[in-house]
Every structure is written in structure tokens, then in C-alpha cells.
Amino acid sequence: QVHLVESGGGLVQAGGSLRLSCSASGRTFGSYTMGWFRQAPGKEREVVGVISRNEYMRIYGDSVKGRFTISRDNVKNMVYLQMNSLKPEDTAIYYCAAHSGDFSGDVGLYDYWGQGTQVTVSS
């Protein structure tokens with residue numbers, strides 16, 4: 001089992017940057033595929049970025065490709081999301097999640113979720 005806590009959200013102007021962090025408990029962090037997802041009001045939760053256990057594989061949602069970067073540190077039990085060139089449509093609650101199975105961006109497969117952190121991008 002893993003407990004996830006996100007941080008780093010806030011209010012930023014369009015074109016700005018934010019870095020989200022996710023701290024994970026547990027000694028088996030390296031065995032989980034990790035992902036960032038987001039949910040805006042009235043919309044379904046969508047994938048932002050996913051990183052494999054060994055960092056060799058990453059996938060991104062189409063709307064964030066080239067602007068966001070996911071990374072992880074298996075020694076510190078941390079996952080990060082660097083968000084650049086932010087747009088108002090990036091406004092959402094961002095969630096960190098862990099998946100004990102194979103590498104996948106399917107939100108329905110993720111077993112553990114953080115409480116979320118709000119990101120608001122003003123125009």
C-alpha cells in the first residue's frame with residue numbers, strides 16, 4: 001500500500017510555470033507506475049503524464065505534450081510534474097496516483113490516489 005500527498009499547486013498567470021510534487025510513503029515505491037491526472041469542473045478526470053517504474057517510459061496527454069514533464073526519484077519516493085507555458089485551460093485539480101500493474105495511462109487502473117492540489121491559471 002502507498003500513501004500519496006501532493007504539493008506545489010497555486011495561482012499562476014498564463015505563460016508561467018509550476019512544479020508539482022508528490023510524496024509517497026512505503027518501501028515499495030519503486031514497484032509502482034506513477035501518474036499525474038487532472039480534473040476540471042464538469043469534466044472527466046484525464047491523464048496528464050505517466051512514468052514507468054524504471055523511468056524508461058513516459059506518456060503524456062495530448063493537451064500537455066511539449067509543455068509538461070513528469071519525473072520521479074525512487075530514492076526519495078517522489079514524483080514531480082514540471083508544468084511550463086501554462087494556459088487557462090490547464091486549470092484543474094491535479095492528482096498523483098499509483099498503479100501496481102503494468103505501465104498504463106488508463107485512469108481506471110490506478111489503485112492509490114492523493115487528495116489533489118489545485119492549479120489555477122489566470123489569463
Side-chain angles (χ1 to χ4, degrees):
Q1 194 168 7
V2 61
H3 181 62
L4 305 171
V5 179
E6 304 95 335
S7 62
L11 174 64
V12 63
Q13 287 189 332
S17 297
L18 279 176
R19 188 194 195 204
L20 303 184
S21 299
C22 174
S23 174
S25 65
R27 293 178 291 178
T28 60
F29 173 75
S31 67
Y32 290 93
T33 295
M34 298 299 299
W36 284 98
F37 298 83
R38 69 185 183 186
Q39 188 165 19
K43 295 188 177 181
E44 293 186 352
R45 194 168 296 189
E46 63 175 359
V47 62
V48 176
V50 173
I51 187 166
S52 63
R53 302 178 185 95
N54 56 16
E55 304 180 68
Y56 290 166
M57 294 186 290
R58 293 172 173 86
I59 57 173
Y60 295 96
D62 288 341
S63 61
V64 307
K65 286 179 181 177
R67 299 187 297 122
F68 290 11
T69 303
I70 187 171
S71 61
R72 67 188 294 166
D73 185 328
N74 286 345
V75 174
K76 295 181 178 179
N77 284 13
M78 297 290 295
V79 184
Y80 306 99
L81 184 69
Q82 179 65 44
M83 305 186 294
N84 298 328
S85 302
L86 282 161
K87 305 175 181 180
E89 50 264 44
D90 294 319
T91 295
I93 299 175
Y94 284 71
Y95 298 91
C96 176
H99 169 44
S100 57
D102 293 333
F103 182 73
S104 173
D106 185 344
V107 62
L109 296 178
Y110 281 73
D111 308 294
Y112 304 102
W113 293 84
Q115 82 289 349
T117 185
Q118 177 71 48
V119 171
T120 302
V121 184
S122 63
S123 57

*In this structure, are over 12 heavy atoms from other groups packed under 6.0 Å from Gln13 atom CD?*
no
*Do you reckon Val47 sits in the same ILVMFWY cluster as Ile51, going by side-chain contacts under 4.5 Å, direct or chained?*
no
*What residues, two or more places apart in sequence or in another chain, satisfy side-chain hydrogen bond (donor to acceptor under 3.5 Å, both in side chains) together with Thr120?*
Gln118
*Enumerate the residue pairs fulfilling ring-ring contact (aromatic ring centres under 6.0 Å, His included) with a member in residues 47-87, sequence neighbours excluded, ordered by first and then second residue.*
none
*Go through the steps for Leu4 and Met34 under the test side chain to side chain contact (heavy atoms under 4.5 Å, CB included), then give the verdict.*
CA-CA 11 Å; Leu4 305 171; Met34 298 299 299; 3.9 Å; yes
_Spatial distance of atom CZ (Phe103) from atom CD1 (Ile59) [nearest 0.5 Å]_ = 4.5 Å
*Is there a path from Val107 to Ile93 through hydrophobic residues (I, L, V, M, F, W, Y) whose side chains come within less than 4.5 Å of each other?*
yes
*Can you name the closest pair of heavy atoms from Ser85 and Ser17 and give their distance?*
N-OG, 4.3 Å
*Judged by atom type as modelled, is there a donor-acceptor pair below 3.5 Å linking the side chain of Arg53 to the main-chain atoms of Ser31?*
yes
_Pairs involving residues 97-108, ordered by first then second residue, that meet side chain to side chain donor-acceptor pair (under 3.5 Å) (sequence neighbours left out)_ = Ser100-Asp111
*What distance separates Ser23 OG from Glu6 CD, expressed to the nearest 0.5 Å?*
10.0 Å
*Checking Ser25 side chain against His3 main chain: does a donor-acceptor pair fall under 3.5 Å?*
yes
*Shortest non-hydrogen separation from Val2 to Ala24 and the atoms involved*: CG2-CB, 3.8 Å
*Determine which pairs satisfy side chain to side chain donor-acceptor pair (under 3.5 Å) with at least one residue from residues 66-75, sequence neighbours left out, and list them in order.*
Arg67-Asp90, Arg72-Asn74
*Output all residues satisfying side chain to side chain contact (heavy atoms under 4.5 Å, CB included) with Ser7, sequence neighbours left out; order by chain, then residue number.*
Ser21
_Which residues pass the ring pair (Phe, Tyr, Trp, His ring centres under 6.0 Å) test with Phe37, not counting sequence neighbours?_
Tyr110, Trp113
_I need the single residue from Val79, Val64, Val48, Leu20 that forms a side-chain contact (heavy atoms from CB on, under 4.5 Å) with Ile70. Which is it?_
Val79
_Side-chain hydrophobic cluster, 4.5 Å single linkage: members besides Val5_ = none
*asked:* For Lys65, give me all partners under salt bridge (charged side-chain N to carboxylate O under 4.0 Å, His left out), at least two apart in sequence or on another chain.
replied: Asp62
*Does any pair with a residue in residues 26-60 pass disulfide bond (SG atoms under 2.5 Å apart), and if so which ones, sequence neighbours excluded?*
none
*Which pairs pass disulfide bond (SG atoms under 2.5 Å apart) with one or both residues in residues 66-123, sequence neighbours excluded?*
Cys22-Cys96
*Contacts of type salt bridge (charged side-chain N to carboxylate O under 4.0 Å, His left out), residue Glu46, not counting sequence neighbours*: Arg38
*Residues in side chain to side chain contact (heavy atoms under 4.5 Å, CB included) with Glu89, at least two apart?*
Lys87
*asked:* Quick check: is Tyr95 connected to Val50 through a chain of hydrophobic side chains (ILVMFWY, heavy atoms under 4.5 Å apart)?
replied: yes
*Without swapping roles, check the side chain of Gln39 against the backbone of Ala92 for a donor-acceptor pair under 3.5 Å.*
no
